[in-house]
Amino acid sequence: MKYVTLAKIKDRERIVKYFVIVNPTSGRGLGEKSIPHIESSLRESGLDFKLVRTERVWHASELAEGAAREGYDVIVCASGDGTINESINGIMKARKDGFTKSAFSSLSIGTGNDFAGGTGIPANLNDSLKSLIANKRKKIDLGLVKGGDYPEGRYFGNGIGVGFDAAVGNEAIKVRWTRGLPAYLIGVIKTVFLYYNPPHVEIILDDKEVINQVSLMISVMNGRRMGGGFQMAPESQPDDGLFDLCIAETASKGRILGLIPHFIRGTQASQPEVKMRRASKVSIKSLDMTFPAHADGEFICLAGSALTLELLPRELEIICA
């Protein structure tokens, strides 16, 4: 495949340096298979890059932090949403110490590619390579969640899922023969019959509105979708300074299955069990039992009781289409 060559992209007469992080296990092994194509495409386009594979959990965070401290201009994550989340956390750790130069982008080879879907990065490898090479940039918001296994906080780019959504993700990763939306649909069906004891929660929005109810699911979104195709916040913008929340009350098993098409189409706001809200600060506290929760598909707790979320406006520069 040929790309428009931008021989030695320059920023103020200086060659832009790219650090590419590849999770070889992303996309059920697609990450490793994609490396030769990624390398040849970037070489053809004259980009100055270094490519490194991840070897363990949180290795992407270490690599991204190190690259930011070394002064790489762009940190690229070729992986799924979990490794992207790790990379963002590494970049943010370096930023705390004043290393604020690095922009970020991703190459879409994961199972869900939800971060890409919400930020304008193309959701397939070839188009995301073209986007990276074209070097169009914008700044997006990030979220910071504290609680569960991360009392000190964990950053996220796409969204937080509490309750049913997190349980679905846990089941979806066990599906090895498919990926993307089909895997999550299987996870939904399994979860309907395995996870049906939602907590009674208190949700506080911007220290003003209080929602007190038994909630099947709470999604706090910076992006638009989860699970490779569930449109949790179809009107969300990643640079508007607000989270978009999708809060679903408890419902019968049959009713949950009946709501699935609405979440795929993004029409759930029309349903009586669903509340859509916007806020920049969110507090979620269980009043009876614990709950599972994830950040960008990565578990932040399996048995949490309280989370606080803060939106950080226009915190990260990304390369997108």
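Worth saying up front: this structure is predicted, and the values here are computed from it rather than measured.
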Checklist entry - Any sub-3.5 Å donor-acceptor pair from Ser41's side-chain atoms to His37's backbone N or O? => result yes

Checklist entry - Considering only heavy atoms from C-beta outward, does the side chain of Asn124 approach that of Ser108 to under 4.5 Å? => result no

Item to check | Distance-only polar pair, side chains of His59 and Asn23, donor-acceptor under 3.5 Å | outcome: no

Checklist entry - Any cation-pi pair here, Lys17 with Tyr72, using under 6.0 Å and within 45°? => result yes

Checklist entry - Is Tyr155 reachable from Val57 through a run of I, L, V, M, F, W or Y residues, each pair having side-chain heavy atoms under 4.5 Å apart? => result no

Checklist entry - If you measure from CZ on Phe115 to CZ on Arg225, what distance do you get to the nearest 0.5 Å? => result 12.0 Å

Checklist entry - Are Lys275 and Glu249 within salt-bridge range, i.e. N to O under 4.0 Å? => result yes

Next on the checklist: side chain to side chain contact (heavy atoms under 4.5 Å, CB included), that's the test. Do Val214 and Thr250 meet it? Break it down for me.
Outcome noted: CA-CA 6 Å; Val214 178; Thr250 187; 3.9 Å; yes

Checklist entry - Just by modelled atom types, is the Gly157 backbone N or O under 3.5 Å from a matching donor or acceptor in the Asp296 side chain? => result yes

Item to check | Result of checking Asp81, Asn89, Thr83 against Asn85 for side-chain hydrogen bond (donor to acceptor under 3.5 Å, both in side chains) | outcome: Asn89

Item to check | Residues which pass salt bridge (charged side-chain N to carboxylate O under 4.0 Å, His left out) with Arg154, listed by chain and number, not counting sequence neighbours | outcome: none

Next on the checklist: Please say yes or no: joined through hydrophobic side-chain contacts below 4.5 Å, possibly via intermediate residues, are Ile319 and Val20 part of one cluster?
Outcome noted: yes

Could you pull out every donor-acceptor pair under 3.5 Å between side chains of residues 202-212 and any protein atom, sequence neighbours left out?
{"from": "Asp206", "atom 1": "OD1", "to": "Ser280", "atom 2": "N", "distance (Å)": "3.0"}
{"from": "Asp206", "atom 1": "OD1", "to": "Ser280", "atom 2": "OG", "distance (Å)": "3.1"}
{"from": "Asp206", "atom 1": "OD1", "to": "Lys281", "atom 2": "N", "distance (Å)": "2.9"}
{"from": "Asp207", "atom 1": "OD2", "to": "Lys281", "atom 2": "NZ", "distance (Å)": "3.3"}
{"from": "Glu209", "atom 1": "OE1", "to": "Arg277", "atom 2": "NE", "distance (Å)": "3.2"}
{"from": "Glu209", "atom 1": "OE2", "to": "Arg277", "atom 2": "NE", "distance (Å)": "2.9"}
{"from": "Glu209", "atom 1": "OE2", "to": "Arg277", "atom 2": "NH2", "distance (Å)": "3.3"}
{"from": "Asn212", "atom 1": "OD1", "to": "His200", "atom 2": "NE2", "distance (Å)": "2.4"}

Next on the checklist: Any salt bridge linking Asp141 with Arg314? Criterion: basic side-chain nitrogen under 4.0 Å from a carboxylate oxygen.
Outcome noted: no

Checklist entry - Quick one: which of Arg137, Lys139, Lys138, Lys136 gives a salt bridge (Lys or Arg N to Asp or Glu O under 4.0 Å) with Glu317? => result Arg137

